[in-house]
Amino acid sequence: MAKKKESSVLLENRKAHFLYFLSDLTEAGLVLTGTEIKSLRAHNASLSDSYVRIKDGEAFLCNMHIAPYKEGTIYNVDHLRDRKLLLHKNEIAKFERHLKGTSATIVPTKVYLKRGYAKVEIALAVGKASHDKRDAIKERDDKKRMDKAMKEGAKAKDD
């Protein structure tokens, strides 16, 4: 019998990699209801515009959209509600120290299942300036051109 895959990525926030410099990647558990996890497994969710807020020594994931489960009844909850993150006290304190007096924020980068439990990867984020974004676009375009040239070179070699 084949071994079951350890983890599977459900959502990814690619926009965060473009808009921010990311550091201190941390895995956190996500508190969800039954219908939310079913909807999440069906990939009916979005991480765009979501962020992490620390309040009273607890971390909450705000603005994450999980669509209501279509077979759910009265058990469906608000699709934009704040969801609690499961982190150790020292991890929360570390993030709080980084946020004090800086222009940093905490953003989720991906949501995945690990041994059946929903996990979210969060990162400390500092905004990029427009010239940094232009550099990222230039690198991406250069990589595309090199890949295309390599492909055409290999194709010409075969002929």
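Position 1 is the first residue of the sequence; numbering continues from there.
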Practice problem: Find out if a path of hydrophobic residues (ILVMFWY) with successive side-chain heavy-atom gaps under 4.5 Å connects Leu47 to Leu124. | Solution: yes
For this session: Answer yes or no: is there a side-chain heavy-atom contact under 4.5 Å between Thr109 and Glu121?
Result: yes
Value for OG (Ser8) from NZ (Lys114), rounded to nearest 0.5 Å, stands at 12.5 Å
Of all heavy-atom pairs linking Gly57 and Ile92, the shortest is O-CD1, 3.5 Å
Looking only at heavy atoms, the pair that brings Ser46 and Met64 closest together is O-CG, 3.6 Å
Next on the checklist: Side chains of Val52 and Leu85, heavy atoms from C-beta outward: is any pair under 4.5 Å?
Outcome noted: yes
So do Leu32 and Arg83 actually touch side chain to side chain, heavy atoms under 4.5 Å?
yes
Check: Taking a hydrophobic cluster as the set of Ile, Leu, Val, Met, Phe, Trp and Tyr residues connected by side-chain heavy atoms closer than 4.5 Å, whether directly or through intermediates, do Ile54 and Tyr51 fall within one such cluster?
Finding: no
- Report yes or no: do Ile37 and Ile66 belong to one cluster of Ile/Leu/Val/Met/Phe/Trp/Tyr joined by side chain heavy-atom distances under 4.5 Å? yes
* To do: I would like to know whether Val126 and Leu22 meet side-chain contact (heavy atoms from CB on, under 4.5 Å); could you show each step before the answer?
  => CA-CA 7 Å; Val126 178; Leu22 301 176; over 6 Å; no
* Asked: Taking atom CZ of Phe21 as the centre, does the number of heavy atoms from other residues, nucleotides or ligands within less than 6.0 Å exceed 12?
  -> yes
Geometric cation-pi criterion, Lys128 with Tyr20: 6.0 Å, 45°:
no
Going by heavy atoms in the side chains, are Leu40 and Glu36 under 4.5 Å from each other?
-> no
> Is the shortest side-chain N to carboxylate O distance from Lys138 to Asp135 below 4.0 Å?
Replying inline: no
d(Thr35 OG1, His79 NE2) to nearest 0.5 Å is 12.5 Å
Side-chain heavy-atom pair Arg41, Leu113 within 4.5 angstrom cut-off: yes
Margin query: Any heavy-atom pair between the side chains of Arg53 and Asp82 that's under 4.5 Å?
Written below: yes
OG1 (Thr33) and NZ (Lys38) are apart, to the nearest 0.5 Å, by 10.0 Å
Rounded to the nearest 0.5 Å, the NZ atom of Lys84 sits from the NZ atom of Lys55 at a distance of 12.5 Å
Discussion item. Salt bridge check, Asp147 against Lys151: does any charged N sit closer than 4.0 Å to a carboxylate O?
Written reply: no
For Asn13 and Pro108 the tightest heavy-atom approach is ND2-O, 3.1 Å
So Glu12 and Val111, side-chain contact (heavy atoms from CB on, under 4.5 Å) or not? Walk me through it.
CA-CA 6 Å; Glu12 200 165 358; Val111 175; over 6 Å; no
Quiz item: With a 4.5 Å heavy-atom cut-off, do His98 and Asp24 have their side chains touching?
Solution: yes
Strictly distance-based, threshold 3.5 Å: is any side-chain N or O of Glu91 a donor or acceptor partner for the main-chain N or O of His88? yes
Minimal heavy-atom distance between Gly29 and Lys119, with the atoms involved, is CA-CD, 4.1 Å
Which of Arg145, Lys144, Glu152 passes side-chain contact (heavy atoms from CB on, under 4.5 Å) with Lys148? It is Glu152
* Above 12 or not: heavy atoms from other molecules or residues under 6.0 Å from CZ of Arg14? -> no
Practice problem: Could you walk me through whether Phe95 and Thr26 pass the side-chain contact (heavy atoms from CB on, under 4.5 Å) test, one step at a time? | Solution: CA-CA 10 Å; Phe95 279 122; Thr26 306; 3.4 Å; yes
Shortest non-hydrogen pair, Ala67 vs Ser39, comes out as O-OG, 2.7 Å
**Request:** Please check if Leu99 and Val120 belong to a single hydrophobic cluster, counting links between Ile, Leu, Val, Met, Phe, Trp and Tyr side chain heavy atoms closer than 4.5 Å.
**Result:** yes
Heavy atoms of Ser50 and Val107 approach each other most closely as O-CG1, 4.3 Å
Item to check | Side-chain heavy atoms of Asn63 within contact of Leu80, under 4.5 Å | outcome: yes
